[in-house]
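I have placed the structure first, in the form of C-alpha cells, so that the comments after it can refer back to it.
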Amino acid sequence: MELKLYNSLTRQKQLFEPIDAKRITMYACGPTVYNFVHIGNARPAVVFDTVYRVLRSVYPKVIYARNITDIDDKIINKSNELSIDINVITKKYSEAYFDDMQALNTLTPDETPYATDHIPEMIEMVQALVDKGHAYATDSQNEADKGHVLFSVPSMPNYGELSKRNLEEQEAGARVEVAGYKQYAGDFVLWKPSTDNEPGWDSPWGRGRPGWHLECSAMIKKHLGDTIDIHAGGHDLVFPHHENEIAQSSCANDGKALANFWMHNGFINIDGEKMSKSLGNFRLVNDLLKQYPGEVLRYVILSAHYRSEQNFSKELLDSAWRTLDTVYGFIRGIDPQAAILNRTGEGYKALLDDINTPVAISELYRLAKAANQAQGAEQQSLMAELAGLADILGLLQQDPEQWFTVARGDDQLTTEQIEEQIQARQQAKQDRDFAKADQIRQQLLDAGVVLEDSREGTQWRRA
RNA sequence: GGCGCUGUAGCAAAGUGGUAAUGCAGUGGACUGCAACUCCGCCAUCGUCGGUUCGAUUCCGACCAGCGCCUCCA
C-alpha cells in the first residue's frame, strides 16, 4: 500500500516518503480574513482536507496546520474604508470561514495559527536572515523608505527552484515597478513600516508589520518544524508566495528544505471565466450555501481531480445534486453499518494514487448501487465498505431520510403537511379515485415534493 | 519575453501503447392504475496534421484553440 502524490517541486508523481512516519506534518495556506470566502477558497480547503483524511488512513498521527492571515494591507484597507476596527473584521470573517468550512464538512485542522499571534517568531526569523546576510534593512537616509527589511534574492543561489523561474529572463516582460529601496528587483519585503494609524508592532527596525510571506515560514517552523512533509495551497501561490517562503525558511534554517512535497490545486472558474472583481463573478460559499447543501459543493469539488481547472456553473451544481439524490436513494432505508475501509478496493486505491477523487466517487456510486440491489450479509458488507470510503471523502455523512426530507431553500410545505396529503392520496387510491390521487401528487410536485410508491407504502422526497 | 497547463460523448469527468471508467441529461423496454423510484439496454474512435510502432486517444513533433502565473489572489 503506497501513497503517491504529485510533487510540484519535481513536477512528477512520486512515492510519498515521510520524514517521520509516526508524525506527518502538513501545512496549507489559509485565507486572509477580510471578506466571506469564495468557492475558489473552498477548493483547497476541501481538497487538502481530503488529503488529510487519506494521510490519517495511512499514518497513525498527522499534524495538519492551516493558518489565518489576520494582518494584511487588504484588511487594513477594508478597516479604513468601513471605519471598523481591524480586529472586528478579522474576527467576523475568520468565524464566517470556519462556519463555511464546516458546512463543507472539512475537519478542523490540528493547528490554526493566526499571524498576529506570531509576531515575535517572525521578527526572530527576520533577524536571523539579516544576521546570515540574506536580508537587509533599508537605508535610513530617506525617511519614506525607512524601516523596511528586504530579503536579498541574489544571496540565495538556488532561488526559483519551485517555480523554475529565472529572474533575469523574466524582466523582459515583467511590469513590476521596482521600489527605490530595493537593491535588486526581485527582493521582497520581510518587514515594512507602519504609520501611526496602521497596525504595527515594535521591532529592531522600528514599528511595523510583517510582509505577506513571512507568517507561513514562521508558523511552520514553530508548529511543525524546520522541514515538513507537505506544503499545500492554490496554484497561484507557487510564485511568488511559496517561492519566497522557501527562500526565507531555507536561508533562516541553514539551507534545510521547507517542505519535501508541494501540492497545488487548480483554479475554479465561473462559467468559463476566472473569478475576478472586475467581472463581478465571485461566488461566495456563503451565498451558494443558501441554495445548495454543503455536501453538493463538496461533491462538485471532489468530482474533478484537484490539479485540474474546474468550471463552476449552475448546471454542474444541479447535476451533482441529482447524483447525490440517486446515491442517497440507493441507501435510503438500508441499515447503516460501521465503516470498514477496504484497502484493496478501487476507491481507496484511487485515492492513494495522487488523490484521484473522481474515481473514488465513481466507486462510491457503484457500492451504493450494489448495496441497493444486494440482500443480507452481502448488503451489510457493501454498506460497511461504502461507509469506509465515504468517510475518507467526507461524503454521505448524513442520514438519507434527513437528506430527502429536510426543507431545501424555499420549500413551503412542512413534513406534516406533506404526510397529510400523502394520506389523503392513499385514501383516494383505495377509493380508486385516481383523478384525485393524481391531482394531489401533482400539487405536491408543484411544491417540490416527489412521491415514490412501493409495496411498502409511499416514500417522499424534496426535489 | 520567461515558466506552465488544458483540449475525451449534449454537459461533467477518469483512463490506458492494443480499438475509451463513471455520473447527469437523452432515448428504447420492464415495473406502475398513471407516474416517480428502481431494473435491463442504447448513446464517443479521444482538437488538427505528421512521425515512431505490428498497433496510439495514450509516445514524439508541428499547428490550431482555450487558459494560468510572472502585480494582490485559492
Side-chain angles (χ1 to χ4, degrees), chain A residues 8 11 28-32 34 37-48 72-74 77 160 162-177 186 212 232-241 243 264-269 272-277 282 299-313 315-327 329-330 332-333 346 350 353 356-366 369 372-373 404 429 432-435 437-438 441-442 444-445 449-455 458-461 463:
Chain A
S8 303
R11 301 202 170 168
C29 290
T32 300
Y34 67 107
V37 295
H38 54 69
I39 190 68
N41 295 294
R43 169 121 99 148
V46 168
V47 162
F48 299 122
D72 176 275
D73 286 1
K74 291 192 292 293
N77 292 341
L162 178 66
S163 56
K164 308 284 187 286
R165 278 163 207 270
N166 177 318
L167 287 175
E168 270 79 36
E169 286 172 3
Q170 284 191 57
E171 281 175 22
R175 298 285 146 77
V176 191
E177 197 178 320
W212 174 36
H235 198 255
D236 56 324
L237 297 180
V238 171
F239 189 91
H241 186 53
E243 196 68 76
H264 293 100
N265 63 275
F267 261 49
I268 282 179
N269 298 322
E273 290 181 300
K274 181 182 172 177
M275 281 190 285
S276 75
K277 280 170 190 156
F282 269 81
Y299 181 94
V300 166
I301 288 170
L302 294 180
S303 69
H305 187 84
Y306 75 90
R307 278 191 281 117
S308 62
E309 279 190 5
Q310 184 172 37
N311 190 34
F312 248 65
S313 65
E315 193 184 18
L316 185 65
L317 290 161
D318 291 341
S319 163
W321 198 340
R322 281 192 293 269
T323 303
L324 280 170
D325 275 347
T326 302
V327 175
F330 282 141
R332 187 179 192 181
E346 292 307 312
D353 183 13
N356 193 332
T357 53
V359 168
I361 281 180
S362 73
E363 180 68 1
L364 206 63
Y365 187 95
R366 207 211 95 224
K369 184 175 174 136
N372 179 247
Q373 294 182 59
F404 286 116
K429 280 174 70 177
R432 304 203 58 81
D433 183 354
F434 293 119
D438 287 352
R441 184 173 63 198
Q442 187 58 45
L444 285 171
L445 187 61
V449 175
V450 179
L451 301 189
E452 295 172 7
D453 293 340
S454 72
R455 272 186 236 100
T458 298
Q459 213 171 37
W460 63 274
R461 64 185 165 88

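Throughout, a chain's letter reflects where its sequence line sits, starting with A, and its residues are numbered from 1.
Using modelled atom types, one side-chain atom of A:T323 and one backbone atom of A:S319 make a donor-acceptor pair closer than 3.5 Å.
As judged by a 4.0 angstrom heavy-atom cut-off over every strand, A:S313 is placed among residues making no nucleic acid contact. Residue contacts for A:L237: at a heavy-atom cut-off of 4.0 Å it reaches the sugar-phosphate backbone alone, with no base atom in range. If you check every strand for non-hydrogen atoms under 4.0 Å, A:G234 touches sugar and phosphate atoms only. Contact annotation for A:Q459: no contact, since no heavy-atom pair falls under 4.0 Å across all strands. Nucleic acid contact for A:R366: none, since no nucleic acid atom lies under 4.0 Å from a heavy atom of the residue. Backbone-only engagement by A:N372 is indicated by non-hydrogen atom pairs under 4.0 Å involving sugar-phosphate atoms exclusively. Across all strands, A:I268 comes closer than 4.0 Å to base atoms (heavy-atom distances). Counting any heavy atom pair closer than 4.0 Å across all strands shown, A:H38 reaches a base atom. Among the atoms of the strands shown, only primed sugar atoms or phosphate atoms (P, OP1, OP2) are found under 4.0 Å from some heavy atom of A:V450. Residue-level contact check: A:S308 touches the backbone only, with heavy atoms under 4.0 Å from sugar-phosphate atoms and none from bases. Among the atoms of the strands shown, base atoms are found under 4.0 Å from some heavy atom of A:R441. Within 4.0 Å of A:D453, counting heavy atoms only, lies at least one base atom of the nucleic acid.
At whole-Å resolution of the value, NZ in A:K164 and C1' in B:G1 are 20 Å apart. The CG atom of A:N311 sits 19 Å away from the P atom of B:A74 (whole-angstrom rounding). In this structure, A:Y299 places its OH atom 12 Å from P of B:A13, rounding to the nearest Å. Regarding A:R455, its CZ atom lies at a distance of 18 Å from the P atom of B:A36, rounded to whole Å. The distance between atom CG of A:L162 and atom C1' of B:C70, rounded to the nearest whole Å, is 14 Å.
Here the separation of B:C59 from B:G41, taken at their P atoms, is 33 Å to the nearest Å. One C1' atom belongs to B:A12, the other to B:A44, and the distance between them is 14 Å to the nearest Å. For the P atoms, the distance from B:G4 to B:G61 is 13 Å, rounded to whole Å. Separation of the C1' atoms belonging to B:C43 and B:G29 is 15 Å when rounded to the nearest angstrom. The P atoms of B:G26 and B:C11 are separated by 15 Å, rounded to the nearest whole Å. The gap from the P atom of B:C69 to that of B:U57 amounts to 34 Å, rounded to the nearest Å. The separation of B:U38 from B:A65, taken at their P atoms, amounts to 44 Å, rounded to a whole angstrom. Nucleotides B:G51 and B:A13 place their C1' atoms 30 Å apart, quoted to the nearest Å.
B:U48: Watson-Crick or G-U partner is B:A62, with both key distances under 3.5 Å. When both pairing distances are held under 3.5 Å, B:C39 makes a Watson-Crick or G-U pair with B:G29. The nucleotide B:G23 finds its pairing partner in B:C11, both defining distances of the Watson-Crick or G-U wobble pair being shorter than 3.5 Å. As the counterpart of B:A74, no nucleotide is assigned, since no Watson-Crick or G-U wobble pattern has both distances under 3.5 Å. When both pairing distances are held under 3.5 Å, B:C69 makes a Watson-Crick or G-U pair with B:G2.
Between the base of B:A74 and the side chain of A:R43 there is no donor-acceptor pair shorter than 3.5 Å. Evaluation of atom-type donor-acceptor distances gives a pair under 3.5 Å for the side chain of A:R165 against the base of B:C69. Residue-to-nucleotide contacts include no donor-acceptor pair under 3.5 Å from the side chain of A:N356 to the base of B:G15.
Remark: the A:D453 side chain and the A:T458 side chain contain an N/O donor-acceptor pair separated by less than 3.5 Å. Side chains of A:N269 and A:E309: a donor on one and an acceptor on the other come within 3.5 Å.
Each of A:R332, A:E452, A:Q459 was compared with A:F404 under the side-chain contact (heavy atoms from CB on, under 4.5 Å) criterion, and only A:R332 meets it.
Side-chain atoms of A:H305 and A:Q310, non-hydrogen and from C-beta on, never get closer than 4.5 Å to each other. A:N77 is not listed as a side-chain neighbour of A:Y34, based on a closest heavy-atom distance of 4.5 Å or more.
In this structure, CZ in A:F282 is found 4.5 Å from NE2 in A:H38, a value given to the nearest 0.5 Å. The CG atom of A:N265 lies 9.0 Å from the OH atom of A:Y306; values are rounded to the nearest 0.5 Å.
Along RNA chain B, the nucleotide nearest to A:K369 and the one nearest to A:T323 differ in position, and the one closer to the 5' end is contacted by A:T323. With the nearest nucleotide of RNA chain B identified for both A:A304 and A:E309, A:A304 has the one nearer the 5' end.
Using a 4.0 Å cut-off, no side-chain N or O of A:R432 falls inside it from OP1 or OP2 of B:G33. A:T326 has a side-chain polar atom (N or O) that falls below the 4.0 Å cut-off from OP1 or OP2 of B:C24.
Considering only side-chain atoms of A:K274, the nucleotide from B:G33, B:C69, B:C37 that sits closest is B:C69. Closest approach to the A:R322 side chain among B:G33, B:C24, B:C70 is made by B:C24 (side chain taken as heavy atoms from C-beta onward). Counting only heavy atoms from C-beta on, A:F330 has its side chain closest to B:U38 among B:A74, B:U38, B:A36. Here the nucleotide nearest the side chain of A:P358, chosen from B:A14, B:C3, B:C37, is B:A14.
Both thresholds, 5.5 Å between centres and 30° between ring planes, are not jointly met by A:Y365 relative to the base of B:G23, so the two rings are not stacked.
Cation-pi contact between A:R43 and A:F267: absent, since separation from the ring centre below 6.0 Å together with deviation from the ring axis within 45° is not met.
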